[in-house]
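All values below were derived from every heavy atom in this structure, side-chain atoms included, with hydrogens, water molecules and symmetry-related copies excluded. Numbers restart at 1 for each chain; the letters A, B, ... are given by sequence-line order, proteins then strands.
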Protein chains: 2
Amino acid sequence: MQRLDQVAGNRSRVRKRDSLFWPGDPFTALYAIGLGTFKTVVLTEDGREQVTGYHMAGEIVGLDGIGNDRYVCQAVALEDSEVRVLLFDQLAELAHHVTALRHNLYRFISNEICRGQNMMLLLGSMRAEERLALFLLNLAQRYQTRGYSSCEFVLRMTREEIASYLGLKLETVSRSFSRLQGEGLIQVQGRAIKLLDSSALKQLVGQRC
Amino acid sequence: MQRLDQVAGNRSRVRKRDSLFWPGDPFTALYAIGLGTFKTVVLTEDGREQVTGYHMAGEIVGLDGIGNDRYVCQAVALEDSEVRVLLFDQLAELAHHVTALRHNLYRFISNEICRGQNMMLLLGSMRAEERLALFLLNLAQRYQTRGYSSCEFVLRMTREEIASYLGLKLETVSRSFSRLQGEGLIQVQGRAIKLLDSSALKQLVGQRC
DNA sequence: CGCACGGTTGACCTGTATCAAGCCGGGTGG
DNA sequence: CCACCCGGCTTGATACAGGTCAACCGTGCG
């Protein structure tokens with residue numbers, strides 16, 4: 001696995017608001033996020049955008065490009081970040097010789113499919129508060145696996161981006177935050193979030209979900 | 001590519017309403033649909049279901065299982081169908097030696113990601129009629145690439161399944177069908193659909209999408 | 001034949017969108 | 001250093017798409 005460094009190249013810095021790639025760009029590489037957070041968005045014909053992913057350190061973006069030789073979404077840094085560029089040809093070649101890497105590659109790609117299915121579930125059948133609760137719980141879990149606090153974190157997205165991600169409007173997101181806070185389930189201070197009652201949040205999600 | 005038959009085993013029949021796999025089943029195989037159609041659904045804790053895919057001959061289901069060693073969704077035959085069972089271990093082994101197959105495997109998995117992103121776009125930002133129009137256009141295109149009529153086909157899902165797939169309720173789907181028919185864009189006779197004005201449908205989708 | 005299931009349609013309700021006003025905090029320029 | 005401005009956020013009032021409930025229809029099957 002250390003041979004990953006061969007293909008990994010150096011860490012490369014990405015400034016806030018900069019993009020790793022744009023829809024239509026020829027697919028050449030995956031990007032392993034070393035530091036920071038990214039959103040992925042797909043653009044509609046009339047210029048609106050739908051946020052399809054919120055990615056943090058340790059995750060990989062660009063997987064959607066493999067199938068088409070072009071990226072279909074855009075990956076935008078939500079803060080100053082660092083990524084490793086994994087040139088796909090080299091990565092695939094290395095994966096060809098290293099079993100563990102090969103399995104992991106399959107795994108990463110497939111997990112992205114599961115993530116998509118979960119988002120479909122969220123977007124297709126949950127109400128606003130439930131979507132937000134699930135979003136927060138999901139973040140909490142991902143922070144936890146990274147060794148950070150699972151009940152206190154800072155969002156890197158604006159209300160509008162969260163809204164797009166959750167298939168809502170920003171006012172609805174704002175209201176949902178307020179309502180969850182009013183019910184004592186979370187504490188909100190701008191983008192700083194504290195989960196006060198995770199089990200109640202889970203129950204909220206479990207009900208209709 | 002003919003060697004695919006080695007791993008493909010025989011065509012196996014699946015009766016309408018039967019499932020290829022259930023959520024939680026250990027992942028062993030992909031299924032190449034030879035004949036018929038399948039829906040994939042994810043089940044919610046309280047027993048409700050969200051349709052996440054509508055798959056037809058020539059497509060592959062089960063890709064979501066690779067990452068977890070378990071299937072996360074359920075694949076249900078919507079009519080009597082035939083599939084080829086592709087045992088994944090064997091398939092991966094063969095892909096290891098056959099470049100073209102390897103590329104195709106990556107491609108299939110990755111395309112599933114794109115499909116997910118498009119569904120997120122649909123579920124997150126389109127109104128009922130637009131969702132239905134896009135759904136029909138998508139079907140038309142897939143029938144066309146298979147050599148069937150692109151403007152006349154029979155749906156294999158109930159209104160309720162379509163509704164779940166599109167994040168709506170069955171009554172809304174029914175009304176949307178009626179409205180599109182009233183506007184002269186399609187002709188509906190139960191599950192038999194005729195597209196009368198594809199370009200208008202595309203325009204409808206393009207507007208808000 | 002008649003039942004059951006899928007589909008359509010109508011009336012009404014509600015959750016979310018839309019429109020609008022105002023707040024807050026941080027960065028900039030006078 | 002302060003005033004101002006601007007982007008992000010909250011909150012209220014109202015509109016509307018889609019959900020809900022209910023009645024009815026058609027058809028295919030036991």
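- Atom CG of L123(A) and atom C1' of dT16(C) are 15 Å apart (whole Å).
- Checked by distance alone, E171(A) brings a side-chain donor or acceptor within 3.5 Å of a matching partner on the base of dC19(C).
- Atom CD in Q181(B) sits roughly 9 Å away from atom P in dT8(C) (whole-Å rounding).
- Residue N111(B) forms a side chain to side chain contact (heavy atoms under 4.5 Å, CB included) with just one option from I66(A), I113(A), N68(A), and that option is N68(A).
- Both M157(B) and E129(A) lie close to DNA chain C; mapped to their nearest nucleotides by heavy-atom distance, the more 5′-ward contact belongs to M157(B).
- By the 6.0 Å contact criterion, CD on E160(B) is open, its count of non-hydrogen atoms from other residues, nucleotides or ligands being 12 or less.
- Using a 4.0 Å heavy-atom distance criterion, L168(A) is classed as a sugar-phosphate-only contact.
- At whole-Å resolution of the value, NZ in K169(A) and C1' in dT10(D) are 18 Å apart.
- Nearest to the side-chain atoms of A128(A) among the listed nucleotides dT16(C), dT8(C), dG19(D) stands dT16(C).
- For the pair S178(A) and dT11(D), the criterion of a side-chain N or O lying under 4.0 Å from OP1 or OP2 is met.
- One interatomic measurement links the two molecules: CD of E161(A) to P of dG8(D), which rounds to 9 Å at whole-angstrom precision.
- Regarding contacts with the backbone of dT10(D), a side-chain N or O of S174(A) is found under 4.0 angstrom from either OP1 or OP2.
- Side chain of R127(A), nearest nucleotide from dT8(C), dT16(C), dA17(D): dT16(C).
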Exercise for review: Verify ring-ring contact (aromatic ring centres under 6.0 Å, His included) between Y106(B) and Y106(A), making sure each step is shown before the conclusion.
Suggested key: CA-CA 8 Å; Y106(B) 281 134; Y106(A) 281 134; 5.7 Å; yes

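- R131(B) places its CZ atom 11 Å from the C1' atom of dA17(D), with the value rounded to the nearest Å.
- Proximity of T158(B) to the phosphate of dC5(C): no side-chain N or O atom is located under 4.0 Å from OP1 or OP2.
- Taking only distance into account, the side chain of R191(B) never meets the base of dG6(C) through a donor-acceptor pair shorter than 3.5 Å.
- The distance from atom CZ of R159(A) to atom P of dT18(C) is 19 Å, rounded to the nearest whole Å.
- Atom P of nucleotide dC23(C) and atom CD of Q189(A) are separated by 19 Å, given to the nearest angstrom.
- Electrostatic pairing of R115(B) and E59(B) does not count as a salt bridge here, judged by no charged N lying under 4.0 Å from a carboxylate O.
- Scanning atom types as modelled, one donor and one acceptor separated by under 3.5 angstrom connect the side chain of R175(A) and the base of dT18(C).
- The existence of a salt bridge linking K16(A) and E79(A) is excluded, since no basic side-chain nitrogen approaches an acidic carboxylate oxygen closer than 4.0 Å.
- Counting to the nearest Å, the C1' atom of dC29(D) and the NZ atom of K16(B) are 12 Å from each other.
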